[in-house]
S.K.: 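Structure provided below as structure tokens; questions to follow.
What you are looking at is a predicted structure, and each value in this text was computed from that prediction instead of being measured.
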Amino acid sequence: MTQEAYNKLKTLKMTGDDLDTYIATHDSLVLRAGWAPDGDAAIESFRNGLKRQLHLSILRRDMVPTILQQWRDMARREHTKWALIKASNLVRGQTENKGNQRQNKWRQQWTNKSETKDPNAMEVDTVQLKPLTNEEQKTLSKEGRCFCCQQIGHMF
């Protein structure tokens with residue numbers, strides 16, 4: 001049973017937007033595997049099973065979590081923040097891409113380069129953010145925040 005729990009932990013991934021089920025399953029498997037709840041293995045398996053964007057959002061925070069409970073709490077906060085952004089109609093569509101499409105769109109917008117597109121083509125798996133006002137751009141720039149994710153520490 002311990003080996004089975006270990007194998008499941010190695011392949012456990014968060015599916016859809018169901019963070020609570022992922023956390024509960026991870027906790028149960030950690031106990032069944034006999035791992036220390038705040039051990040490096042439990043923390044690493046939790047991090048690796050998170051959705052990529054959620055994991056990155058946590059790592060971009062000023063304080064990176066060091067124990068499993070902090071990882072859970074921050075995952076819940078970031079997950080809630082994303083749900084609020086979606087509910088506030090600040091994004092249209094939903095994405096699971098690697099971020100390159102979004103970065104390219106922002107670069108294109110700020111460098112005023114245009115790209116010829118087929119008018120009949122459908123855009124799928126993209127996130128389109130509402131344009132920032134000049135005041136928002138100045139504020140973000142002054143604070144050293146990214147125009148895309150509004151986090152401190154990188155800009156494009």
Side-chain angles (χ1 to χ4, degrees), residues 1-110 121-132 136 139-141 143-156:
M1 185 152 181
T2 302
Q3 185 63 41
E4 180 184 340
Y6 171 82
N7 291 339
K8 287 181 179 181
L9 278 166
K10 289 296 184 181
T11 59
L12 180 64
K13 300 287 181 199
M14 182 180 160
T15 56
D17 286 334
D18 195 356
L19 178 61
D20 290 331
T21 298
Y22 172 72
I23 291 173
T25 303
H26 183 269
D27 289 350
S28 173
L29 290 171
V30 165
L31 288 173
R32 287 180 26 210
W35 288 1
D38 281 323
D40 291 340
I43 294 169
E44 182 179 352
S45 68
F46 183 82
R47 287 184 0 211
N48 291 338
L50 289 172
K51 288 199 161 200
R52 183 177 187 275
Q53 285 305 116
L54 181 56
H55 190 173
L56 287 172
S57 293
I58 295 168
L59 292 176
R60 286 183 181 127
R61 293 177 66 97
D62 289 338
M63 293 183 56
V64 176
T66 56
I67 62 173
L68 188 56
Q69 186 59 49
Q70 290 173 343
W71 274 97
R72 287 186 207 117
D73 293 344
M74 286 190 186
R76 284 187 177 107
R77 282 189 205 118
E78 291 297 322
H79 192 264
T80 301
K81 186 169 36 171
W82 175 246
L84 181 59
I85 289 169
K86 284 178 19 180
S88 299
N89 199 25
L90 295 173
V91 294
R92 289 180 282 169
Q94 193 172 357
T95 184
E96 287 295 324
N97 64 26
K98 303 289 188 240
N100 292 335
Q101 289 176 340
R102 186 172 66 190
Q103 288 176 0
N104 290 339
K105 282 184 182 230
W106 276 95
R107 282 191 192 105
Q108 182 180 359
Q109 177 182 348
W110 296 115
M122 289 178 51
E123 290 191 24
V124 295
D125 291 340
T126 61
V127 171
Q128 296 176 351
L129 301 174
K130 290 183 179 179
L132 296 172
E136 290 172 323
T139 302
L140 290 172
S141 182
E143 293 175 357
R145 295 181 181 271
C146 175
F147 285 179
C148 183
C149 69
Q150 300 183 1
Q151 295 287 328
I152 294 177
H154 69 276
M155 294 178 71
F156 65 88

S.K.: Measure across S45 and H26 and return the closest heavy-atom pair with its distance rounded to 0.1 Å.
M.R.: OG-NE2, 2.7 Å

S.K.: For the residue pair W35 and Y6, what are the closest heavy atoms and their distance?
M.R.: CZ2-CD1, 3.3 Å

S.K.: I need the R52 CZ to K13 NZ distance, nearest 0.5 Å.
M.R.: 12.5 Å

S.K.: Quick one: does any side-chain atom of H55 pair with a main-chain N or O of L50 as donor and acceptor, under 3.5 Å?
M.R.: no

S.K.: What distance do D40 atom CG and R47 atom CZ have between them, rounded to the nearest 0.5 Å?
M.R.: 9.0 Å

S.K.: CG of D38 to OG1 of T66: how many Å apart, nearest 0.5 Å?
M.R.: 8.5 Å

S.K.: Going by the rule side-chain contact (heavy atoms from CB on, under 4.5 Å), which residues pair with L29 if we only count those two or more places apart in sequence or in a different chain?
M.R.: A5, K8, L9, L12, T25, R32

S.K.: Rounded to the nearest 0.5 Å, what separation is found between the CG atom of L31 and the OG1 atom of T2?
M.R.: 11.5 Å

S.K.: Provide the closest heavy-atom pair for H79 versus L54 in the form atom of the first, atom of the second, distance.
M.R.: N-CD1, 3.9 Å

S.K.: Would the distance check show the side chain of K51 and the main-chain N or O of D17 forming a donor-acceptor pair, the cut-off being under 3.5 Å?
M.R.: no

S.K.: Is it true that a side-chain atom of Q70 and a backbone atom of I67 form a donor plus acceptor pair closer than 3.5 Å?
M.R.: yes

S.K.: How close do A42 and P37 get, counting heavy atoms only, and between which atoms?
M.R.: CB-O, 3.7 Å

S.K.: Got a second to check how far M14's CE is from T21's OG1, nearest 0.5 Å?
M.R.: 9.5 Å

S.K.: Taking the side chain as everything from C-beta on, heavy atoms only, tell me whether V30 gets closer than 4.5 Å to F46.
M.R.: no

S.K.: Quick one: are E78 and Q53 in side-chain contact, heavy atoms under 4.5 Å?
M.R.: no

S.K.: Atom CH2 of W71 and atom CZ of R76: how far apart are they, to the nearest 0.5 Å?
M.R.: 14.5 Å

S.K.: Evaluate the criterion side-chain contact (heavy atoms from CB on, under 4.5 Å) for residue pair T11 and N7; output intermediate values, then yes/no.
M.R.: CA-CA 7 Å; T11 59; N7 291 339; over 6 Å; no

